[in-house]
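These notes concern the structure reproduced below.
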Amino acid sequence: MSESTLVPAGGLLAEADPDAGLLARLRCGDEAAFLELVRRYGPVMHRLALSYVRSPAVAEEVVQDAWIGVLGSLERFEGRSSLRTWLLRILANRARTRGAREARCLPFSALARDGDDAPAVEPDRFQGPDGRFPGGWAAFPTPWDSVPEERLLARETLAEVDAAIRQLPPRQQEVIVLRDVEGWSAEEVCDALALSPANQRVLLHRARSRVRASLERYMEAA
Amino acid sequence: MTCQELVELVTDYFDGALDAATRAEFDAHLAVCPGCVTYLEQMRTTIRLTHDGARGGPPRPEPGRRRASSPSRSCRSPSGARTWWTASRWSTCCAPSGRRG
């Protein structure tokens, strides 16, 4: 008997979930399907775990722990969300718990505020109330289109982006990694991280704005 | 809408989350403000580099991935397909081993 006959074809789920085929195989106990799942989502899970804990080794433990949780509850997965948002939800919960435990041992200054309301652009870049155009640019930002593509994509530039992301508060990192690095939709990210759409956009906006500011400093220093 | 207000709405703008009136103001502002056009371009470039950077940037250690995805001996028991994924069994045959420190 072939495994596919044991589980009904995914129907709607097959369209919505890129992993629907894997899920059917996982439910049949197909070990290769599990390894494929680890291959697909291990890296992003590790990356997300790193936004909450500081060392790669601890992040790895969190990921392992999450996989064990996944294996233990796979039979209860009802397919109301996509498989990957469910995976990420399990990972995020464990990473937050572990991160909170770690945070109690860190100096207070190491705890960045997630819901910070820092502006996207420093206020002194805009004209004050006495300017000709209050709230208008004091000096226009310098376009990057004169920067050659090779320099934009140079290792150093990308390393700058990466460093900027790693300095973001954890919740901002989670959102920018899923939205902009992994290319997930806003809906999926809200689902995986239990965020309201508005909150998701605020976190993403703070994250992108800070990465842009880092890139701007980097471009101007060159 | 001032430039200082516009820069706070860029993500909402990209996500199509602005109401029609605000979006119209946003577009009208862009039509007359080269500084904000540049800013919007910089945000687009930032998003593109965030995507490319994480994939093409310096390799990061991902020990879990390398070891877990490397071919391992089969965990499947001869008698039943479902037994392999019991957590203890998985961690003994598929999980990274030999973690130090």
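Quick note: numbers below take in every heavy atom, side chains included, and nothing from hydrogens, waters or symmetry partners. Protein chains get the first letters and strands the later ones, always in sequence-line order, with residue 1 at the start of each.
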Point to revise | Most chain B-contacting option - heavy-atom pairs closer than 4.5 Å, from A:Thr142, A:Val63, A:Ile176, A:Ile165 | key: A:Thr142

Exercise for review: Identify which part of B:Asp15 has an atom lying under 4.5 Å from any heavy atom of chain A, answering side chain, backbone, both or neither.
Suggested key: side chain

Exercise for review: Answer whether the closest heavy-atom distance between the side chains of B:Thr38 and A:Trp144 falls below 4.5 Å.
Suggested key: no

Check your understanding: Rounded to the nearest 0.5 Å, what separation is found between the CG atom of A:Leu153 and the CG atom of B:Leu49?
Key -> 6.0 Å

Review point. Is it the backbone or the side chain of B:Cys36 that comes under 4.5 Å from a heavy atom of chain A, or both, or neither?
Key: both

**Study point:** Beyond-backbone contact of B:Thr11 with A:Arg208, side-chain heavy atoms, under 4.5 angstrom
**Key:** yes

Study note, to complete from the structure: Most heavy-atom pairs under 4.5 Å with chain A, out of B:Ile47, B:Thr45, B:Val37, belong to B:Ile47

Check your understanding: When rounded to the nearest 0.5 angstrom, what is the spacing between CD in B:Gln4 and CZ in A:Arg125?
Key -> 11.5 Å

Revision key, fill the gap. One option among A:Pro143, A:Ala59, A:Pro134, A:Pro197 has the most heavy-atom pairs under 4.5 Å with chain B, and it is A:Pro143

Exercise for review: Indicate the atoms forming the closest heavy-atom contact of A:Pro119 with B:Glu8, along with that distance.
Suggested key: CA-OE2, 3.4 Å

Point to revise | Under 4.5 Å from any heavy atom of chain B - which part of A:Thr157 | key: side chain

Check your understanding: By a 4.5 Å heavy-atom criterion (distance strictly below it), what part of A:Pro123 contacts chain B: side chain, backbone, both, or neither?
Key -> both

Exercise for review: Give, for atom CH2 of A:Trp137 and atom OH of B:Tyr39, the distance between the pair rounded to the nearest 0.5 Å.
Suggested key: 6.0 Å

Exercise for review: Output all residues satisfying salt bridge (charged side-chain N to carboxylate O under 4.0 Å, His left out) with A:Glu187, sequence neighbours left out; order by chain, then residue number.
Suggested key: none

Practice item. Mind checking the CZ-OG1 spacing from A:Arg179 to B:Thr50? Nearest 0.5 Å is all I need. Key: 12.0 Å

Exercise for review: Heavy-atom distances under 4.5 Å only: say whether B:Gln42 touches chain A with side chain, backbone, both or neither.
Suggested key: both

Exercise for review: Please determine if B:Arg48 and A:Glu149 form a salt bridge, counting it only when a charged side-chain N lies under 4.0 Å from a carboxylate O.
Suggested key: yes

**Study point:** Heavy-atom side-chain contact between B:His51 and A:Asp180 under 4.5 Å
**Key:** no

Review point. Is there a donor-acceptor contact under 3.5 Å from the side chain of A:His205 to the main chain of B:Val7?
Key: yes

Review point. What part of A:Val211 lies closer than 4.5 angstrom to a heavy atom of chain B: side chain, backbone, both or neither?
Key: both

Study note, to complete from the structure: Looking only at A:Met45, A:Arg212, A:Glu160, A:Glu36, most heavy-atom pairs under 4.5 Å shared with chain B are made by A:Arg212

Revision key, fill the gap. One should read off an interatomic distance between A:Phe140 CZ and B:Cys3 SG, to the nearest 0.5 angstrom, of 7.0 Å

**Study point:** Region of A:Glu216 in contact with chain B, defined by heavy-atom distances below 4.5 Å
**Key:** side chain

